[in-house]
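Naming: A, B, ... by sequence-line order, numbering from 1 per chain.
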Protein chains: 2
Amino acid sequence: MDNVIDQSGILAISTRLQRLSDALRKEGQLIYQSFGIQFEPKWFPVVYTLHLKTSMSVVEIANEIGYAHPSTISLLKELEKQQIIKSKKDKTDERKRLIVLTTKGKALVDAMKPVWNNMEKALVQIADNKNNLMEAIIEAEEKLKESSFLVRSQKIRQ
Amino acid sequence: MDNVIDQSGILAISTRLQRLSDALRKEGQLIYQSFGIQFEPKWFPVVYTLHLKTSMSVVEIANEIGYAHPSTISLLKELEKQQIIKSKKDKTDERKRLIVLTTKGKALVDAMKPVWNNMEKALVQIADNKNNLMEAIIEAEEKLKESSFLVRSQKIRQ
DNA sequence: TAAATTTATGTAGGAAACTACGTAGATTTG
DNA sequence: CAAATCTACGTAGTTTCCTACATAAATTTA
């Protein structure tokens, strides 16, 4: 609480969330490196999803990870370049591309499991305090689903 | 908790933080609009800082709001274009630019005070749950200051 | 079953932050 | 006090997401 933005409190919450997100992602990158693994934190949602669900279309992945589909497409392009995933046309629906992990991708996931385990422990240290950050995020998202920031603002205004 | 990323839990925390940040910023924009005020949420840190501290250099503002200085410079450019701030050379140090709110900028701040008040109430509704999001952020940032994500990872690894 | 609509994917470009690097003025040091 | 270093500011380009729009295939409807 030593600068103006901290003092302005909750109004700068969007900025604070982003700052923290950036810091964790950048350090995540360094941790993968320290384990000698070539993997970027931004790839995690796609790869984690595919490792659980085997074969999915682009839009299915996008919905699953909560991203817009063009963002997902660009992640998939990077992962295809790294030969972590591959895709084939869906035979029953010509519009769809079915995405799967390659053999290399599956091996990478196995190699990353201890890293994920390690990161998870470190993240629990960081996020589990008097207030649990992950739970706080989930609770806030639930509140937003109930009634958006805008709608709440309008109700308060009346 | 209805998709894979929610289930993957804390490993996707960076993604979750960013998603929430984006959602709040976008809705913040709509709220300013709904009050008929032409103001962008990203300008808040700079303007709020200047409204408290009167006259500051570029780097002072950047440090105060916790941004890199080039980010601050581009915000200042936008604010100057909107005639919300203006700048003049520091006479005692030719390198420095002293930034101040214009008359229009000060009037805008006064007009925004009720909006900020309204937003604050809505944000408290959203963020204050079993776990308080703002406090959770502050606590997590304090933990990171004590010892970074990377260092914690390395200690756990041993 | 042809026309309208919906769904899946893709491209282009934007937003809000960042890092890397360069220059010029101020300060410190040998 | 000249040289080296530091500080302030600026530009260029990057990152990681987004929205808007386009096209083609599938599905629904009249």
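Going from atom CD of E60(A) over to atom C1' of dT9(C) covers 13 Å, rounded to whole Å. Following rounding to the nearest Å, Q18(A) (CD) and dT16(D) (P) show an atom-to-atom distance of 12 Å. dA8(D) atom P lies 6 Å from atom CZ of R95(B), rounded to whole Å. The separation between E40(B) atom CD and dG14(C) atom P is 15 Å, rounded to whole Å. Atom CG in D22(A) sits roughly 18 Å away from atom P in dT14(D) (whole-Å rounding).
An OP1 or OP2 oxygen of dC18(C) is reached within less than 4.0 angstrom by no side-chain nitrogen or oxygen of R19(A). OP1 or OP2 of dA16(C) sits under 4.0 Å from a side-chain N or O of R25(B). Side-chain N/O atoms of S71(A) include none lying less than 4.0 angstrom from OP1 or OP2 on dT16(D).
When heavy atoms are screened at a 4.0 angstrom cut-off, S57(B) is found touching the sugar-phosphate backbone but no base atom. Using a 4.0 Å heavy-atom distance criterion, K77(A) is classed as a sugar-phosphate-only contact.
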Show me, pair by pair, the donor-acceptor contacts under 3.5 angstrom made by side chains of residues 25-32 of chain A, not counting sequence neighbours?
residue : atom : partner : partner atom : Å
R25(A)  : NH2  : D22(A)  : OD1          : 3.0
E27(A)  : OE1  : S148(B) : OG           : 3.2
E27(A)  : OE1  : F149(B) : N            : 3.3
E27(A)  : OE1  : L150(B) : N            : 2.9
E27(A)  : OE2  : F149(B) : N            : 3.2
Y32(A)  : OH   : W116(A) : NE1          : 3.0

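Between N132(A) and N131(B), the closest heavy-atom pair is N-OD1, 2.8 Å. The shortest non-hydrogen separation linking A140(A) to L133(B) is CB-CD2, 4.0 Å.
For P70(A), the listed nucleotide lying nearest its side chain is dT19(D); candidates were dC17(D), dT19(D), dT11(D).
When each of K96(A) and P41(B) is assigned the nucleotide of DNA chain C bearing its nearest heavy atom, the one mapping closer to the 5' terminus is K96(A). Heavy-atom distances to DNA chain C give each of E78(B) and D93(A) a nearest nucleotide, and the one nearer the 5′ end belongs to D93(A).
Between E60(B) and K53(B) there is no salt bridge, since none of the side-chain N atoms of the basic residue sits less than 4.0 Å from a carboxylate O of the acidic one.
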